2 protein chains.
Amino acid sequence: MDIEQTKIPQATAKRLPLYYRFLNNLHTQGKLRVSSKELSDAVKVDSATIRRDFSYFGALGKKGYGYNVEYLLSFFRKTLDQDETTRVALIGVGNLGTAFLNYNFTKNNNTKIEIAFDANEERIGSEVGGVGVEHIDDLEEKLGDISVAILTVPSSAAQGIADRLVKAGISGILNFTPARISVPSNVRVHHIDLAIELQALVYFLKHYPLNEEEMEEDQ
Amino acid sequence: MDIEQTKIPQATAKRLPLYYRFLNNLHTQGKLRVSSKELSDAVKVDSATIRRDFSYFGALGKKGYGYNVEYLLSFFRKTLDQDETTRVALIGVGNLGTAFLNYNFTKNNNTKIEIAFDANEERIGSEVGGVGVEHIDDLEEKLGDISVAILTVPSSAAQGIADRLVKAGISGILNFTPARISVPSNVRVHHIDLAIELQALVYFLKHYPLNEEEMEEDQ
DNA sequence: CGTTAGTCGTTAAAGATTTCACATACTTCA
DNA sequence: TGAAGTATGTGAAATCTTTAACGACTAACG
Ligand SMILES: NC(=O)c1ccc[n+]([C@@H]2O[C@H](COP(=O)([O-])OP(=O)(O)OC[C@H]3O[C@@H](n4cnc5c(N)ncnc54)[C@H](O)[C@@H]3O)[C@@H](O)[C@H]2O)c1
Ligand SMILES: NC(=O)c1ccc[n+]([C@@H]2O[C@H](COP(=O)([O-])OP(=O)(O)OC[C@H]3O[C@@H](n4cnc5c(N)ncnc54)[C@H](O)[C@@H]3O)[C@@H](O)[C@H]2O)c1
């Protein structure tokens, strides 16, 4: 439908949801305009980077003025497909899975966990955070056309479940298990490895001491 | 004490805990040697990148042989300070905080959540995953010399708590709230923004379709 | 209406990271 | 012992990302 604009750098793409969220905040606060500098202070991304990021989408701002919040927000809403909701399945209703179900990413968000699966009989049929929990044996049958899955099963089960998800036609998996799963090249997996994030932070603290001069940077 | 080797690239540093974990797995399985190619298949990082990463620490392998698992493991154990345990505090014993406390990053890990804080009177004095929950009012008093904090409070409370943590002498914060907190430049904050990770995955699925040819890459 | 202060979009430079490709050196096996 | 096979470590190239700098333009105000 749309002409696919020349592809945005990945680093930029990862920042878009962040921009969108803060734009939403500003809009809620009734702000009419914003500069790259202000946004920079809020999201902790260099203002030149923000301008560069925005510029991949064309000229969204006005020189000497900044950006119109309403306009920018509606532009990103379209770009990030915030109008259509992406349906998500969650596999593994344990500690982490339960937390996600209770949260359900509902604020300013275009994603919704619609169904959950677990192997533990006790959980089947219950609702967690308003989402029904189905038996993992019914995965293929009940997944329907859901294309994104959050994986929060024990790591020993991760590859097996991933294989089944792939067979059932999934496109993307957000993998919270420490297992590095293998999938066909047409399926996208993002790993969020919380233990590693914590270890990495500790490593940076020991080996990359920050001094008073240099500014800390994120992620 | 040690001569600080020329600083390792940040991208490399973030992969070290991953390597360490898989080396541990191999060791447990009784494997004696491993090649960069094998490791690559396991952790889904290009083998040249692995060799390059390792090479920053000197010549750890042997040409024509590969790497000795035991040696490599013990080397990384030292490098990653796996022998000393870093004590961690968790602030906000809600959905996410409870999940982390129950998990407590105990496997192959050099970190331990030792104390938790919450504002909700009902939780105070209880134990979650073997960790005592203290009142947030006692933060400064009970934090002691803990230098790392996990932040899982509502985003509205994030900046206030961060300020208190900084005053109490914290060095690093793993921030799970959507708030981008401000801290002095000598404190390191890593943001893990789960809602954004999910949105970014959805964005990539729509705008960066993977075909049969190209390999998906991580995170 | 002209001046001042402010801000974008972009060119170019710098910096960081990944990947290629191969000389070198070790292992294995006959 | 020698030949064949294997896999490292790294120089050089390619790619990706961030940052600096500034010309062009706007808004606001006296
Ligand atoms: N909880 C944390 O803080 C944390 C931190 C880092 C990583 N992780 C990882 O996240 C994953 C989940 O952690 P958790 O603490 O929620 O574990 P958990 O044991 O509490 O939950 C796992 C859930 O998966 C279900 N399950 C097991 N096998 C299944 C299968 N074959 N199909 C469907 N469901 C199945 C179990 O019944 C359980 O409800 C693990 O891989 C863990 O390593 C968790
Ligand atoms: N749960 C998720 O899946 C999820 C996903 C993405 C982001 N987050 C973010 O993580 C954070 C925590 O989420 P959650 O679902 O666990 O929320 P939650 O409401 O379940 O837990 C927050 C906890 O913090 C405590 N608290 C409130 N104010 C406090 C204060 N001033 N000092 C100390 N404790 C205080 C509350 O008593 C509660 O126990 C939030 O910022 C949320 O946006 C959560």
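Throughout, a chain's letter reflects where its sequence line sits, starting with A, and its residues are numbered from 1. Remember, it's a predicted structure, so these values are computed and weren't measured experimentally.
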Indicate yes or no: does A:Glu84 engage B:Lys206 in a salt bridge with an N to O separation below 4.0 Å.
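Between B:Lys206 and A:Glu84 there is a salt bridge, with a charged N closer than 4.0 Å to a carboxylate O.
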Cationic N near anionic O, under 4.0 Å, A:Glu38 to A:Lys31
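Looking at A:Glu38 and A:Lys31, the cut-off is met.
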What is the distance from atom CZ of B:Phe54 to atom CG of B:Leu39, rounded to the nearest 0.5 Å?
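Between atom CZ of B:Phe54 and atom CG of B:Leu39 there are 5.0 Å.
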With distance as the sole criterion, do the side chain of A:Arg52 and the base of D:dT19 form a donor-acceptor contact below 3.5 Å?
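Under the 3.5 Å cut-off, the side chain and the base do form a donor-acceptor pair.
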OP1, OP2 of [N] versus side-chain N and O of [X]: anything below 4.0 Å?
X: A:Tyr67; N: D:dT26; answer: no
X: B:Ser36; N: D:dT8; answer: yes
X: A:Thr49; N: D:dT19; answer: yes

Remember a base hit wins even if backbone is also touched, and classify B:Thr12 as base, sugar-phosphate or nothing at under 4.0 Å, heavy atoms.
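Nothing, no heavy atom under 4.0 Å.
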Answer with base, sugar-phosphate or nothing: what part of the nucleic acid does B:Phe54 contact at a heavy-atom distance below 4.0 Å?
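No contact.
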Just by protein heavy atoms under 4.0 Å, how would nucleotides 22-30 of chain C read 5' to 3' in B, S and -?
--BBBSS--
Please say whether the positively charged group of B:Lys7, taken as NZ for Lys or CZ for Arg, lies over the ring of A:Tyr208, i.e. under 6.0 angstrom from the six-membered ring centre and within 45 degrees of the axis.
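So B:Lys7 does make the cation-pi contact.
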Tell me whether A:Arg33 forms a cation-pi arrangement with A:Tyr65, defined as NZ or CZ under 6.0 Å from the six-membered ring centre and within 45 degrees of its axis.
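Flagged: A:Arg33 positioned over aromatic ring of A:Tyr65.
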Over 60° means perpendicular and under 30° means parallel, so tell me whether B:Phe176 and B:Phe100 are parallel, tilted or perpendicular.
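Rings of B:Phe176 and B:Phe100: tilted, 30 to 60°.
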